Student: 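Here's a structure for you.
Just so we're clear, the structure is a prediction, and the values are computed from it rather than from any experiment.
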Amino acid sequence: MDALRLITMNRRALLRGHSLETLTAEVWEAQALTRAVGALLAEEGPRALRETALALSSPGGRTAEATELPVPCRGDPRAARLTRVPDVEATLLALAELLGEVGIVLVGLACGVYQEALYWASVEAIDAADEARDRVLDMLRALGEGAGRPGHDSTAGLR
């Protein structure tokens with residue numbers, strides 16, 4: 001499935017979510033999608049993006065941590081359906097927007113919880129989403145820098 005379609009689905013679900021369970025599930029989905037896009041770009045994306053994309057997808061990195069927030073058992077994340085990134089730049093822009101929205105949702109969760117453990121898990125998740133967004137923005141800058149080189153196509157799709 002197309003990355004932009006998955007990101008749009010995640011953003012809509014995040015905006016419609018009202019319960020702690022729904023919001024944390026969508027935060028978890030956004031993190032899984034971020035890792036999946038990073039993995040695909042690390043493998044098949046423009047060379048200028050591969051190192052940062054690999055860091056974004058790395059299971060050992062902070063940005064790859066799903067969160068310690070309670071997430072209802074929902075089976076495989078929607079990100080498991082990711083098969084292509086037809087427009088790298090548009091995908092990265094949409095992913096940066098999604099991660100910004102995730103950060104806002106997490107701030108709201110952190111402000112509204114009364115359990116200390118849940119508060120600190122929310123703060124950690126905010127940091128992870130912010131770090132992931134920074135890496136996505138780094139990839140967008142790298143695409144922009146490479147756009148002036150002959151033979152460079154930053155919008156070349158990945159199948």
Student: Is there a chain of hydrophobic side chains (I, L, V, M, F, W, Y, each step under 4.5 Å between heavy atoms) that links Tyr119 to Val27?
Tutor: yes
Student: Which pairs count as salt bridge (Lys or Arg N to Asp or Glu O under 4.0 Å) when at least one residue sits in residues 106-115, sequence neighbours excluded?
Tutor: none
Student: Can you tell me how far the CZ atom of Arg50 sits from the OG atom of Ser57, to the nearest 0.5 Å?
Tutor: 12.5 Å
Student: Identify, with sequence neighbours excluded, every residue that meets side chain to side chain contact (heavy atoms under 4.5 Å, CB included) alongside Ile104.
Tutor: none
Student: Counting N and O atoms only, with roles assigned by atom type, does the side chain of Asn10 sit under 3.5 Å from a partner on the main chain of Leu33, one being a donor and the other an acceptor?
Tutor: no
Student: Considering all heavy atoms of both residues, which atom of Thr22 and which atom of Gly17 are nearest to each other, and what is their separation?
Tutor: CG2-CA, 3.5 Å
Student: Tell me every residue that passes side chain to side chain contact (heavy atoms under 4.5 Å, CB included) with Arg16, counting only those two or more places apart in sequence or in another chain.
Tutor: Arg12, Ala13
Student: Any chance you could measure Thr83, atom OG1, to Arg5, atom CZ, to the nearest 0.5 Å?
Tutor: 10.0 Å
Student: Starting at OG1 of Thr24, measure out to CG of Leu20 and round the result to the nearest 0.5 Å.
Tutor: 5.0 Å
Student: Treat each ILVMFWY residue as a node, draw an edge where side-chain heavy atoms are under 4.5 Å apart, and state whether Val85 and Leu4 are in one component.
Tutor: no
Student: Roughly how far, to the nearest 0.5 Å, is OG1 of Thr91 from CG of Leu98?
Tutor: 12.0 Å
Student: If you compare all heavy atoms of Ala132 against all heavy atoms of Thr34, which two are closest, and at what distance to 0.1 Å?
Tutor: CB-CG2, 4.1 Å
Student: Count I, L, V, M, F, W, Y as connected when their side-chain heavy atoms are under 4.5 Å apart, and connections chain through other members. Are Val123 and Leu109 then in the same cluster?
Tutor: yes
Student: What pair of heavy atoms forms the shortest contact from Arg133 to Ala96, and how long is it?
Tutor: NE-O, 3.1 Å
Student: Could you tell me which non-hydrogen atom of Leu56 sits nearest to which non-hydrogen atom of Gly38, and how far apart they are?
Tutor: CD2-CA, 4.1 Å
Student: Could you check whether any side-chain heavy atom of Gln31 comes within less than 4.5 Å of a side-chain heavy atom of Glu26, counting everything from C-beta outward?
Tutor: no
Student: Using the test salt bridge (Lys or Arg N to Asp or Glu O under 4.0 Å), find all partners of Arg81 that sit at least two apart in sequence or belong to another chain.
Tutor: none
Student: Which heavy-atom pair separates Leu41 from Met139 by the least distance, and what is that distance?
Tutor: CD1-SD, 4.4 Å
Student: With hydrophobic residues grouped by side-chain heavy-atom distances under 4.5 Å, do Leu15 and Ile7 end up in a single group?
Tutor: no
Student: For the side chain to side chain contact (heavy atoms under 4.5 Å, CB included) test, which of Leu92, Thr52, Leu99 pairs with Arg135?
Tutor: Thr52
Student: Are Leu143 and Leu54 linked, directly or through other ILVMFWY residues, by side chains that come within less than 4.5 angstrom of each other?
Tutor: no
Student: Can you pull out every salt bridge (Lys or Arg N to Asp or Glu O under 4.0 Å) where at least one residue sits in residues 106-119? Sequence neighbours excluded, please.
Tutor: none
Student: Show every salt bridge (Lys or Arg N to Asp or Glu O under 4.0 Å) that has at least one partner inside residues 99-113, sequence neighbours left out.
Tutor: Arg11-Glu101
Student: So, for Ile126 and Gly103, which heavy atoms are closest and what is the spacing to 0.1 Å?
Tutor: CG1-O, 4.4 Å
